[in-house]
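Before any comments, here is the structure.
All values below were derived from every heavy atom in this structure, side-chain atoms included, with hydrogens, water molecules and symmetry-related copies excluded. Order of the sequence lines fixes the chain letters, A, B, ..., with proteins taken first and strands second; residue numbering starts at 1 for each chain.
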Amino acid sequence: MKDQVEIPVRTRLAMFVRLLAIQGAWNYETLLGNGIGFCVEPALRLLPGGQEGPAYRAALARQSQYFNAHPYMASVAVGALARAELDGEAPARIDRFRTALCGPLGSVGDQLVWAAWLPACSLAALAAFGFGVGTGGVIFVFLGIYNAGHIALRAWGLSAGLDHGMRVASALGGPVLRRGPRHLAQAAALIGGIALPLALDQVIGPGRALFGIVLGAVALGGFVLARLHGRAEGWKIAIGLLALFVLYSVVR
Amino acid sequence: MTDFVQLLPLAVLGAVLGLDVVSFPQAMISRPLVAATAAATLLGDPARGLLVGATLEMFALETLPFGASRYPEWGSAAVVGGGLFAMHGDGSPGALTIAVLAGLVCAWIGGWSMVQLRKLNARFARARHDAVASGSKRVVEGLQVFGLTADLVRGGALTAIILALFTPMQTWVLGAWGSDPRVSRAVVVGVAASVAGGAVWKVVHAAPAARWLLLGGIGVGLALLAAQ
(Lines give C-alpha, C1' and ligand atoms only; values in the text may rest on other atoms or scores of the structure.)
Protein backbone atom coordinates (compact mmCIF):
# COMPACT_ATOMS: atom_id res chain seq x y z
CA MET A 1 0.00 0.00 0.00
CA LYS A 2 1.31 3.42 -1.00
CA ASP A 3 2.29 5.82 1.83
CA GLN A 4 -0.07 8.77 2.17
CA VAL A 5 1.42 12.25 1.64
CA GLU A 6 1.54 13.98 5.02
CA ILE A 7 -0.33 17.32 4.95
CA PRO A 8 1.37 19.89 7.22
CA VAL A 9 -0.71 21.75 9.81
CA ARG A 10 0.09 25.02 8.03
CA THR A 11 -1.46 23.69 4.80
CA ARG A 12 -4.55 22.43 6.65
CA LEU A 13 -4.95 25.84 8.27
CA ALA A 14 -4.60 27.60 4.92
CA MET A 15 -7.29 25.33 3.47
CA PHE A 16 -9.57 25.97 6.43
CA VAL A 17 -9.24 29.76 6.20
CA ARG A 18 -9.90 29.61 2.46
CA LEU A 19 -13.04 27.56 3.14
CA LEU A 20 -14.54 30.64 4.79
CA ALA A 21 -14.39 32.37 1.38
CA ILE A 22 -15.36 29.35 -0.71
CA GLN A 23 -18.37 31.15 -2.20
CA GLY A 24 -16.40 34.30 -3.10
CA ALA A 25 -16.73 33.74 -6.85
CA TRP A 26 -20.12 31.93 -6.78
CA ASN A 27 -21.87 32.25 -10.13
CA TYR A 28 -24.67 30.62 -12.15
CA GLU A 29 -22.31 28.71 -14.48
CA THR A 30 -19.65 27.00 -12.36
CA LEU A 31 -21.44 27.62 -9.02
CA LEU A 32 -18.98 26.67 -6.27
CA GLY A 33 -16.37 25.28 -8.71
CA ASN A 34 -13.77 28.03 -8.59
CA GLY A 35 -14.08 28.09 -4.80
CA ILE A 36 -13.24 24.37 -4.61
CA GLY A 37 -10.09 24.95 -6.68
CA PHE A 38 -9.21 27.94 -4.49
CA CYS A 39 -9.52 25.88 -1.28
CA VAL A 40 -7.76 22.75 -2.54
CA GLU A 41 -4.84 24.76 -3.98
CA PRO A 42 -2.60 24.84 -0.86
CA ALA A 43 -2.62 21.03 -0.76
CA LEU A 44 -1.85 20.75 -4.48
CA ARG A 45 1.51 22.44 -3.88
CA LEU A 46 2.58 19.15 -2.31
CA LEU A 47 2.18 17.28 -5.64
CA PRO A 48 5.31 16.04 -7.44
CA GLY A 49 6.82 18.97 -9.34
CA GLY A 50 5.59 21.45 -6.74
CA GLN A 51 3.69 24.65 -7.35
CA GLU A 52 3.14 25.38 -11.06
CA GLY A 53 4.37 21.89 -12.04
CA PRO A 54 2.32 19.92 -14.63
CA ALA A 55 0.61 17.77 -11.97
CA TYR A 56 -0.30 20.86 -9.94
CA ARG A 57 -1.74 22.70 -12.95
CA ALA A 58 -3.74 19.69 -14.15
CA ALA A 59 -5.18 19.13 -10.68
CA LEU A 60 -6.04 22.80 -10.15
CA ALA A 61 -7.78 22.93 -13.52
CA ARG A 62 -9.76 19.78 -12.66
CA GLN A 63 -10.80 21.10 -9.24
CA SER A 64 -11.91 24.54 -10.52
CA GLN A 65 -14.67 23.19 -12.77
CA TYR A 66 -18.40 23.16 -11.97
CA PHE A 67 -19.29 22.02 -8.45
CA ASN A 68 -22.33 22.37 -6.27
CA ALA A 69 -22.71 21.69 -2.54
CA HIS A 70 -23.70 23.34 0.68
CA PRO A 71 -20.88 25.80 1.50
CA TYR A 72 -20.13 24.28 4.93
CA MET A 73 -20.35 20.68 3.74
CA ALA A 74 -18.10 21.56 0.79
CA SER A 75 -15.27 21.20 3.32
CA VAL A 76 -15.77 17.43 3.05
CA ALA A 77 -15.28 17.66 -0.71
CA VAL A 78 -12.25 19.93 -0.40
CA GLY A 79 -10.54 17.50 1.98
CA ALA A 80 -11.48 14.37 0.04
CA LEU A 81 -10.52 15.82 -3.35
CA ALA A 82 -7.20 17.09 -2.01
CA ARG A 83 -6.46 13.62 -0.62
CA ALA A 84 -7.47 11.97 -3.91
CA GLU A 85 -5.13 14.24 -5.87
CA LEU A 86 -2.25 13.68 -3.46
CA ASP A 87 -2.84 9.91 -3.54
CA GLY A 88 -2.39 10.03 -7.31
CA GLU A 89 -5.84 8.68 -8.17
CA ALA A 90 -6.66 8.53 -11.89
CA PRO A 91 -8.13 11.82 -13.22
CA ALA A 92 -11.22 10.12 -14.63
CA ARG A 93 -11.89 8.50 -11.25
CA ILE A 94 -11.51 11.85 -9.46
CA ASP A 95 -13.92 13.47 -11.91
CA ARG A 96 -16.54 10.77 -11.28
CA PHE A 97 -16.05 11.04 -7.52
CA ARG A 98 -16.33 14.83 -7.72
CA THR A 99 -19.63 14.57 -9.59
CA ALA A 100 -20.99 12.03 -7.13
CA LEU A 101 -20.23 14.27 -4.14
CA CYS A 102 -22.40 17.19 -5.30
CA GLY A 103 -25.87 15.82 -4.52
CA PRO A 104 -25.32 14.42 -1.00
CA LEU A 105 -23.24 17.37 0.21
CA GLY A 106 -25.91 19.77 -1.02
CA SER A 107 -28.96 18.08 0.44
CA VAL A 108 -27.37 17.04 3.77
CA GLY A 109 -26.03 20.57 4.35
CA ASP A 110 -29.26 22.30 3.39
CA GLN A 111 -31.32 20.12 5.71
CA LEU A 112 -28.88 20.24 8.61
CA VAL A 113 -27.79 23.89 8.50
CA TRP A 114 -30.25 26.10 6.61
CA ALA A 115 -33.43 24.24 7.54
CA ALA A 116 -32.53 23.23 11.11
CA TRP A 117 -29.43 24.65 12.81
CA LEU A 118 -29.84 28.28 11.67
CA PRO A 119 -33.56 28.60 12.54
CA ALA A 120 -33.01 26.80 15.87
CA CYS A 121 -30.21 29.24 16.83
CA SER A 122 -32.22 32.22 15.62
CA LEU A 123 -35.21 31.13 17.70
CA ALA A 124 -32.99 30.52 20.74
CA ALA A 125 -31.71 34.09 20.43
CA LEU A 126 -35.27 35.41 20.05
CA ALA A 127 -36.19 33.46 23.19
CA ALA A 128 -33.27 35.07 25.05
CA PHE A 129 -34.49 38.46 23.81
CA GLY A 130 -38.00 37.58 24.95
CA PHE A 131 -36.73 36.65 28.41
CA GLY A 132 -35.23 40.14 28.67
CA VAL A 133 -31.55 39.14 28.26
CA GLY A 134 -29.44 42.22 27.42
CA THR A 135 -28.08 43.16 24.02
CA GLY A 136 -24.68 41.52 24.48
CA GLY A 137 -26.26 38.36 25.88
CA VAL A 138 -28.64 37.91 22.95
CA ILE A 139 -25.86 38.43 20.41
CA PHE A 140 -23.61 36.04 22.34
CA VAL A 141 -26.34 33.37 22.45
CA PHE A 142 -26.88 33.58 18.71
CA LEU A 143 -23.33 33.96 17.42
CA GLY A 144 -21.83 31.70 20.06
CA ILE A 145 -24.15 28.74 19.53
CA TYR A 146 -24.42 29.12 15.77
CA ASN A 147 -20.70 29.42 15.14
CA ALA A 148 -19.79 26.62 17.52
CA GLY A 149 -21.75 24.37 15.14
CA HIS A 150 -20.63 26.18 12.00
CA ILE A 151 -16.90 26.06 12.71
CA ALA A 152 -17.07 22.52 14.07
CA LEU A 153 -18.86 21.33 10.92
CA ARG A 154 -16.33 22.91 8.57
CA ALA A 155 -13.38 21.63 10.61
CA TRP A 156 -14.84 18.12 10.84
CA GLY A 157 -15.62 18.10 7.12
CA LEU A 158 -12.10 19.06 6.11
CA SER A 159 -10.57 16.58 8.49
CA ALA A 160 -12.91 13.74 7.45
CA GLY A 161 -12.21 14.43 3.80
CA LEU A 162 -8.45 14.49 4.26
CA ASP A 163 -8.53 11.33 6.37
CA HIS A 164 -10.87 9.23 4.23
CA GLY A 165 -10.26 10.57 0.73
CA MET A 166 -12.45 8.78 -1.80
CA ARG A 167 -13.93 6.60 0.97
CA VAL A 168 -15.46 9.64 2.68
CA ALA A 169 -19.02 8.40 2.09
CA SER A 170 -18.75 6.32 5.27
CA ALA A 171 -18.21 9.50 7.31
CA LEU A 172 -21.39 11.00 5.84
CA GLY A 173 -23.48 8.21 7.35
CA GLY A 174 -22.87 9.39 10.93
CA PRO A 175 -25.85 9.87 13.26
CA VAL A 176 -25.46 13.67 13.49
CA LEU A 177 -25.91 14.08 9.77
CA ARG A 178 -28.67 11.45 9.48
CA ARG A 179 -30.80 12.22 12.52
CA GLY A 180 -29.60 15.73 13.43
CA PRO A 181 -32.03 17.69 11.23
CA ARG A 182 -35.05 15.87 12.70
CA HIS A 183 -34.02 16.48 16.32
CA LEU A 184 -33.07 20.07 15.60
CA ALA A 185 -36.45 20.69 13.95
CA GLN A 186 -38.18 19.30 17.04
CA ALA A 187 -36.08 21.54 19.30
CA ALA A 188 -36.82 24.52 17.01
CA ALA A 189 -40.56 23.81 17.28
CA LEU A 190 -40.46 23.89 21.09
CA ILE A 191 -38.10 26.89 21.32
CA GLY A 192 -40.03 28.73 18.61
CA GLY A 193 -43.29 28.22 20.46
CA ILE A 194 -41.82 29.69 23.63
CA ALA A 195 -39.88 32.45 21.84
CA LEU A 196 -42.56 34.00 19.67
CA PRO A 197 -45.03 35.20 22.35
CA LEU A 198 -42.17 36.41 24.58
CA ALA A 199 -40.39 38.26 21.76
CA LEU A 200 -43.69 39.74 20.62
CA ASP A 201 -44.26 41.02 24.14
CA GLN A 202 -40.79 42.64 24.21
CA VAL A 203 -41.21 44.43 20.88
CA ILE A 204 -44.82 45.54 21.24
CA GLY A 205 -44.00 48.28 23.80
CA PRO A 206 -46.80 50.86 23.75
CA GLY A 207 -49.06 48.44 21.86
CA ARG A 208 -49.25 46.09 24.88
CA ALA A 209 -52.82 47.27 25.52
CA LEU A 210 -53.75 45.54 22.27
CA PHE A 211 -51.80 42.35 23.03
CA GLY A 212 -54.81 40.02 22.89
CA ILE A 213 -55.97 41.36 19.52
CA VAL A 214 -52.44 41.16 18.14
CA LEU A 215 -52.10 37.58 19.36
CA GLY A 216 -55.32 36.60 17.60
CA ALA A 217 -54.21 38.34 14.40
CA VAL A 218 -50.83 36.61 14.58
CA ALA A 219 -52.48 33.19 14.99
CA LEU A 220 -54.68 33.86 11.96
CA GLY A 221 -51.87 35.38 9.88
CA GLY A 222 -49.46 32.59 10.74
CA PHE A 223 -52.09 29.96 9.85
CA VAL A 224 -52.81 31.60 6.47
CA LEU A 225 -49.09 31.88 5.65
CA ALA A 226 -48.51 28.27 6.66
CA ARG A 227 -51.36 27.20 4.36
CA LEU A 228 -49.86 29.29 1.54
CA HIS A 229 -46.56 27.41 2.00
CA GLY A 230 -44.54 27.71 -1.21
CA ARG A 231 -47.07 29.91 -2.98
CA ALA A 232 -46.41 33.24 -1.26
CA GLU A 233 -43.63 34.77 0.78
CA GLY A 234 -44.69 36.47 3.98
CA TRP A 235 -41.99 39.13 3.92
CA LYS A 236 -43.12 40.32 0.49
CA ILE A 237 -46.75 40.49 1.62
CA ALA A 238 -45.48 42.43 4.67
CA ILE A 239 -43.94 45.11 2.44
CA GLY A 240 -47.36 45.75 0.89
CA LEU A 241 -49.18 45.75 4.23
CA LEU A 242 -46.67 48.06 5.95
CA ALA A 243 -46.55 50.43 2.95
CA LEU A 244 -50.36 50.67 3.05
CA PHE A 245 -50.26 51.33 6.78
CA VAL A 246 -47.64 54.08 6.34
CA LEU A 247 -49.79 55.67 3.65
CA TYR A 248 -52.86 55.50 5.89
CA SER A 249 -50.93 56.98 8.83
CA VAL A 250 -49.71 59.91 6.76
CA VAL A 251 -52.95 60.85 4.98
CA ARG A 252 -55.42 60.39 7.83
CA MET B 1 -30.10 66.10 4.13
CA THR B 2 -28.46 62.85 5.17
CA ASP B 3 -25.41 63.44 7.34
CA PHE B 4 -22.42 62.02 5.46
CA VAL B 5 -20.55 61.42 8.73
CA GLN B 6 -23.44 59.22 9.91
CA LEU B 7 -23.88 57.50 6.56
CA LEU B 8 -20.27 56.51 5.89
CA PRO B 9 -19.72 54.15 8.87
CA LEU B 10 -23.12 52.58 8.24
CA ALA B 11 -22.23 52.03 4.57
CA VAL B 12 -18.94 50.39 5.59
CA LEU B 13 -20.82 48.18 8.06
CA GLY B 14 -23.38 47.34 5.37
CA ALA B 15 -20.52 46.36 3.05
CA VAL B 16 -18.94 44.03 5.61
CA LEU B 17 -22.23 42.47 6.70
CA GLY B 18 -23.49 42.20 3.11
CA LEU B 19 -20.32 40.23 2.37
CA ASP B 20 -21.08 37.81 5.22
CA VAL B 21 -24.42 36.75 3.71
CA VAL B 22 -22.80 34.54 1.05
CA SER B 23 -19.18 35.35 0.26
CA PHE B 24 -17.19 35.59 3.51
CA PRO B 25 -17.30 34.17 6.19
CA GLN B 26 -20.99 33.22 6.48
CA ALA B 27 -20.73 33.42 10.28
CA MET B 28 -24.24 34.94 10.33
CA ILE B 29 -23.05 38.30 11.64
CA SER B 30 -25.36 39.46 8.85
CA ARG B 31 -28.49 38.15 10.61
CA PRO B 32 -30.80 41.02 11.57
CA LEU B 33 -30.42 40.45 15.33
CA VAL B 34 -26.68 41.08 15.04
CA ALA B 35 -26.50 43.48 12.10
CA ALA B 36 -29.22 45.90 13.26
CA THR B 37 -27.73 45.96 16.76
CA ALA B 38 -24.27 46.70 15.32
CA ALA B 39 -25.65 49.54 13.19
CA ALA B 40 -27.51 51.12 16.09
CA THR B 41 -24.45 50.71 18.30
CA LEU B 42 -22.50 52.85 15.82
CA LEU B 43 -25.11 55.55 16.43
CA GLY B 44 -24.95 55.08 20.21
CA ASP B 45 -28.19 53.17 20.84
CA PRO B 46 -27.72 49.36 20.79
CA ALA B 47 -30.99 48.67 22.60
CA ARG B 48 -33.04 50.19 19.76
CA GLY B 49 -30.95 48.17 17.33
CA LEU B 50 -31.82 44.96 19.15
CA LEU B 51 -35.52 45.87 19.04
CA VAL B 52 -35.62 46.43 15.29
CA GLY B 53 -33.21 43.51 14.82
CA ALA B 54 -35.57 41.15 16.64
CA THR B 55 -38.46 42.37 14.49
CA LEU B 56 -36.52 41.87 11.25
CA GLU B 57 -35.26 38.50 12.52
CA MET B 58 -38.88 37.33 12.62
CA PHE B 59 -39.10 38.02 8.88
CA ALA B 60 -35.68 36.49 8.22
CA LEU B 61 -36.82 33.19 9.77
CA GLU B 62 -38.74 32.63 6.55
CA THR B 63 -35.57 32.71 4.43
CA LEU B 64 -33.92 29.38 3.68
CA PRO B 65 -30.92 30.36 1.52
CA PHE B 66 -30.81 27.21 -0.61
CA GLY B 67 -28.12 27.27 -3.32
CA ALA B 68 -29.04 29.15 -6.45
CA SER B 69 -32.45 30.35 -5.25
CA ARG B 70 -33.10 34.08 -4.99
CA TYR B 71 -33.59 35.24 -1.42
CA PRO B 72 -33.57 38.54 0.49
CA GLU B 73 -30.21 39.91 1.61
CA TRP B 74 -30.58 40.63 5.32
CA GLY B 75 -27.11 42.01 6.13
CA SER B 76 -27.34 45.42 4.46
CA ALA B 77 -31.09 45.46 5.13
CA ALA B 78 -30.64 45.16 8.88
CA VAL B 79 -27.98 47.89 8.88
CA VAL B 80 -30.52 50.15 7.16
CA GLY B 81 -33.28 49.20 9.62
CA GLY B 82 -31.07 49.52 12.71
CA GLY B 83 -29.55 52.78 11.51
CA LEU B 84 -32.87 54.42 10.70
CA PHE B 85 -34.47 53.37 13.99
CA ALA B 86 -31.49 54.58 16.03
CA MET B 87 -31.54 57.95 14.25
CA HIS B 88 -35.00 58.61 15.71
CA GLY B 89 -34.48 58.00 19.40
CA ASP B 90 -37.28 60.43 20.32
CA GLY B 91 -39.98 57.76 20.44
CA SER B 92 -41.77 58.75 17.23
CA PRO B 93 -44.75 56.36 16.94
CA GLY B 94 -44.07 55.33 13.35
CA ALA B 95 -40.26 55.03 13.63
CA LEU B 96 -40.24 51.22 13.96
CA THR B 97 -42.68 50.83 11.06
CA ILE B 98 -40.54 52.96 8.73
CA ALA B 99 -37.29 51.27 9.84
CA VAL B 100 -38.75 47.79 9.26
CA LEU B 101 -40.29 48.77 5.92
CA ALA B 102 -36.96 50.27 4.75
CA GLY B 103 -35.19 47.10 5.89
CA LEU B 104 -37.60 44.87 3.96
CA VAL B 105 -37.31 47.00 0.80
CA CYS B 106 -33.51 46.90 1.12
CA ALA B 107 -33.59 43.12 1.61
CA TRP B 108 -35.61 42.77 -1.59
CA ILE B 109 -33.29 44.98 -3.64
CA GLY B 110 -30.33 43.27 -1.99
CA GLY B 111 -31.60 39.89 -3.24
CA TRP B 112 -31.83 41.30 -6.76
CA SER B 113 -28.33 42.80 -6.49
CA MET B 114 -26.89 39.41 -5.47
CA VAL B 115 -28.36 37.87 -8.63
CA GLN B 116 -26.68 40.61 -10.70
CA LEU B 117 -23.40 39.99 -8.89
CA ARG B 118 -23.59 36.27 -9.66
CA LYS B 119 -24.17 37.07 -13.35
CA LEU B 120 -21.20 39.46 -13.27
CA ASN B 121 -19.04 36.75 -11.66
CA ALA B 122 -20.12 34.34 -14.41
CA ARG B 123 -19.19 36.81 -17.17
CA PHE B 124 -15.83 37.47 -15.52
CA ALA B 125 -15.15 33.73 -15.13
CA ARG B 126 -16.25 32.90 -18.69
CA ALA B 127 -13.73 35.39 -20.08
CA ARG B 128 -10.99 33.57 -18.16
CA HIS B 129 -12.14 30.02 -18.85
CA ASP B 130 -9.02 29.03 -20.81
CA ALA B 131 -6.70 30.27 -18.07
CA VAL B 132 -8.68 28.31 -15.44
CA ALA B 133 -8.63 25.23 -17.67
CA SER B 134 -4.83 25.49 -17.87
CA GLY B 135 -4.60 25.50 -14.05
CA SER B 136 -3.52 29.10 -13.52
CA LYS B 137 -3.27 29.78 -9.79
CA ARG B 138 -3.24 33.52 -10.42
CA VAL B 139 -6.56 33.41 -12.28
CA VAL B 140 -8.30 31.05 -9.85
CA GLU B 141 -7.33 33.28 -6.92
CA GLY B 142 -8.09 36.42 -8.94
CA LEU B 143 -11.65 35.25 -9.57
CA GLN B 144 -12.18 34.78 -5.83
CA VAL B 145 -10.74 38.22 -5.02
CA PHE B 146 -12.82 39.87 -7.73
CA GLY B 147 -16.04 38.28 -6.47
CA LEU B 148 -15.31 39.15 -2.84
CA THR B 149 -14.46 42.76 -3.71
CA ALA B 150 -17.51 43.18 -5.92
CA ASP B 151 -19.75 41.81 -3.16
CA LEU B 152 -18.19 44.20 -0.63
CA VAL B 153 -18.84 47.15 -2.94
CA ARG B 154 -22.37 45.90 -3.63
CA GLY B 155 -23.31 45.80 0.06
CA GLY B 156 -21.78 49.19 0.80
CA ALA B 157 -23.37 50.93 -2.17
CA LEU B 158 -26.76 49.37 -1.47
CA THR B 159 -26.69 50.45 2.18
CA ALA B 160 -25.61 53.99 1.30
CA ILE B 161 -28.23 54.43 -1.43
CA ILE B 162 -31.15 53.09 0.62
CA LEU B 163 -30.15 55.14 3.67
CA ALA B 164 -29.72 58.29 1.56
CA LEU B 165 -33.23 57.77 0.15
CA PHE B 166 -35.01 56.71 3.31
CA THR B 167 -33.48 59.12 5.85
CA PRO B 168 -35.16 62.28 4.49
CA MET B 169 -38.31 60.29 3.66
CA GLN B 170 -38.45 59.02 7.22
CA THR B 171 -38.18 62.55 8.65
CA TRP B 172 -41.02 63.72 6.45
CA VAL B 173 -43.27 60.70 7.10
CA LEU B 174 -42.78 60.83 10.87
CA GLY B 175 -43.63 64.55 10.83
CA ALA B 176 -46.96 63.73 9.19
CA TRP B 177 -47.64 60.50 11.16
CA GLY B 178 -51.23 60.40 12.39
CA SER B 179 -51.71 56.87 13.76
CA ASP B 180 -51.94 56.06 17.44
CA PRO B 181 -48.58 54.86 18.92
CA ARG B 182 -50.20 51.67 20.27
CA VAL B 183 -51.73 50.78 16.92
CA SER B 184 -48.52 51.69 15.07
CA ARG B 185 -46.46 49.31 17.14
CA ALA B 186 -49.14 46.59 17.17
CA VAL B 187 -49.40 46.53 13.37
CA VAL B 188 -45.68 46.09 12.68
CA VAL B 189 -45.23 43.51 15.45
CA GLY B 190 -48.36 41.64 14.39
CA VAL B 191 -47.19 41.40 10.78
CA ALA B 192 -43.67 40.32 11.82
CA ALA B 193 -44.90 37.67 14.25
CA SER B 194 -47.39 36.30 11.69
CA VAL B 195 -44.56 35.81 9.18
CA ALA B 196 -42.43 34.22 11.93
CA GLY B 197 -45.25 31.87 12.93
CA GLY B 198 -45.74 30.72 9.33
CA ALA B 199 -41.96 30.38 8.93
CA VAL B 200 -41.52 28.25 12.05
CA TRP B 201 -44.28 25.95 10.86
CA LYS B 202 -42.65 25.72 7.41
CA VAL B 203 -39.35 24.70 9.01
CA VAL B 204 -40.61 22.18 11.55
CA HIS B 205 -43.83 20.69 10.15
CA ALA B 206 -42.17 17.59 8.71
CA ALA B 207 -40.55 16.56 12.01
CA PRO B 208 -42.35 13.96 14.15
CA ALA B 209 -44.41 15.51 16.97
CA ALA B 210 -43.42 19.02 15.85
CA ARG B 211 -47.05 20.19 15.95
CA TRP B 212 -47.41 19.25 19.61
CA LEU B 213 -44.00 20.62 20.54
CA LEU B 214 -44.86 23.95 18.88
CA LEU B 215 -48.25 24.15 20.58
CA GLY B 216 -46.68 23.15 23.89
CA GLY B 217 -44.03 25.82 23.47
CA ILE B 218 -46.63 28.47 22.73
CA GLY B 219 -48.51 27.37 25.85
CA VAL B 220 -45.35 27.69 27.95
CA GLY B 221 -44.56 31.10 26.42
CA LEU B 222 -48.06 32.42 27.12
CA ALA B 223 -48.03 30.99 30.66
CA LEU B 224 -44.72 32.76 31.33
CA LEU B 225 -46.21 36.02 30.09
CA ALA B 226 -49.31 35.57 32.24
CA ALA B 227 -47.12 34.88 35.28
CA GLN B 228 -45.18 38.13 34.83
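In terms of heavy atoms, B/I162 sits closest to B/A102 at CG2-O, 4.3 Å. Between B/S23 and B/D151 the shortest heavy-atom distance is OG-OD2, 2.6 Å. Annotation for B/V21 and B/Q26: closest pair O-NE2, 3.0 Å, computed over non-hydrogen atoms. The shortest heavy-atom contact between A/P119 and B/V203 is CG-CG1, 3.9 Å. Between B/H88 and B/S92, the closest heavy-atom pair is ND1-OG, 4.3 Å. The shortest non-hydrogen separation linking A/A43 to A/M15 is CB-SD, 3.8 Å.
Only the side chain of A/V214 comes within contact range of chain B, with heavy atoms under 4.5 Å apart. Of the atoms belonging to A/Q63, not a single heavy atom falls under 4.5 Å from chain B. Heavy-atom distances place both the backbone and the side chain of A/L200 under 4.5 Å from chain B. Using a 4.5 Å cut-off between heavy atoms, B/L117 makes no contact with chain A at all. With a 4.5 angstrom heavy-atom cutoff, B/V115 touches chain A via backbone and side-chain atoms both. Looking at B/S134, the atoms closer than 4.5 Å to chain A (heavy atoms on both sides) sit in the backbone and in the side chain alike. Both the backbone and the side chain of A/R182 come within contact range of chain B, with heavy atoms under 4.5 Å apart. The contact between B/V22 and chain A is made by backbone and side chain atoms together, counting heavy-atom distances below 4.5 Å. The contact between B/A125 and chain A is made entirely by side chain atoms (from C-beta outward), counting heavy-atom distances below 4.5 Å. For chain B, the nearby part of A/R18 is the side chain; its heavy atoms alone come within less than 4.5 Å. Of the atoms belonging to A/N34, heavy atoms from both backbone and side chain fall under 4.5 Å from chain B. B/P208 touches chain A through backbone and side chain together, each having a heavy atom under 4.5 Å away. Using a 4.5 Å cut-off between heavy atoms, B/V145 does not touch chain A at all. If you measure heavy-atom distances from A/A188 to chain B, the contacts under 4.5 Å come from both the backbone and the side chain. Both the backbone and the side chain of B/L222 come within contact range of chain A, each with at least one heavy atom under 4.5 Å from a heavy atom of that chain. With a threshold of 4.5 angstrom between heavy atoms, A/F38 approaches chain B through its backbone and through its side chain. At a 4.5 Å heavy-atom cutoff, the contact between B/W108 and chain A is made by backbone and side-chain atoms alike. If you measure heavy-atom distances from B/Q144 to chain A, the contacts under 4.5 Å come from both the backbone and the side chain. Neither the backbone nor the side chain of A/F223 comes within contact range of chain B; no heavy atoms are under 4.5 Å apart. Heavy atoms closer than 4.5 Å to chain A are found in the side chain of B/I98, but not in its backbone.
Interface remark: of the candidates B/F66, B/W172, B/F59, B/F66 forms the most heavy-atom pairs closer than 4.5 Å to chain A. Among B/P25, B/G197, B/G198, the residue with the largest count of heavy-atom pairs under 4.5 Å with chain A is B/P25. Of the residues considered (A/L118, A/L19, A/L241), A/L118 shows the highest number of contacts with chain B, using heavy-atom pairs under 4.5 Å. Among the candidates A/L123, A/I213, A/T30, the residue making the largest number of heavy-atom pairs closer than 4.5 Å to chain B is A/L123. Comparing B/P46, B/A68, B/A131 by heavy-atom pairs within less than 4.5 Å of chain A, the highest count is held by B/A68. Of the listed residues (B/A47, B/A196, B/A207, B/A122), the greatest number of heavy-atom pairs within a distance under 4.5 Å of chain A belongs to B/A122. When each of B/G217, B/S184, B/G147, B/S136 is scored by its heavy-atom pairs under 4.5 Å with chain A, the top score falls to B/G217. When each of A/L44, A/I239, A/I151, A/L198 is scored by its heavy-atom pairs under 4.5 Å with chain B, the top score falls to A/I239. Taking A/A189, A/G221, A/G207, A/G234 one by one and counting their heavy-atom pairs under 4.5 Å with chain B, the maximum is reached by A/A189. Options B/V200, B/L64, B/V132, B/T63 differ in how many heavy-atom pairs under 4.5 Å they form with chain A, and the most are formed by B/V132. Listed options A/L225, A/V224, A/L190 were ranked by heavy-atom pairs under 4.5 angstrom with chain B; first place goes to A/L190. The candidate with the highest count of non-hydrogen atom pairs below 4.5 Å against chain B, out of A/P197, A/A226, A/A185, is A/P197.
In this structure the side chain of B/R128 reaches within 4.5 angstrom of the side chain of B/L143, judged on heavy atoms. Inter-residue side-chain proximity for A/L105 and A/Y72 is flagged as unmet; no heavy-atom pair is nearer than 4.5 Å. Counting heavy atoms from C-beta on, the side chains of A/V108 and A/H70 never come closer than 4.5 Å. The closest side-chain heavy-atom distance from B/E141 to A/E41 is below 4.5 Å. Within the 4.5 Å cutoff, no side-chain heavy atoms of A/V203 are placed close to those of B/V188. With contacts defined as side-chain heavy-atom distances shorter than 4.5 Å, the pair B/K137/A/R57 does not qualify.
Aromatic ring orientation, B/F124 versus B/F146: parallel (interplanar angle below 30°, classes split at 30° and 60°). The aromatic rings of A/W26 and A/Y28 lie perpendicular to each other, with more than 60° between the two planes, well past the 30° mark.
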Should A/W117 and A/H150 be marked as a ring-ring contact (aromatic ring centres under 6.0 Å, His included) after you check the CA-CA gap, both sets of side-chain angles, and the distance that decides it?
CA-CA 9 Å; A/W117 184 241; A/H150 161 211; over 10 Å; no
Yes or no on side chain to side chain contact (heavy atoms under 4.5 Å, CB included) for B/T97 and B/W177, after CA distance, side-chain angles and deciding distance?
CA-CA 11 Å; B/T97 312; B/W177 193 265; 4.0 Å; yes
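Taking the ring centroids of B/Y71 and A/W235, they lie at or beyond the 6.0 Å cut-off.
Counted within 6.0 Å of OH on A/Y66, heavy atoms from surrounding residues, nucleotides or ligands total more than 12; the atom is thus considered enclosed.
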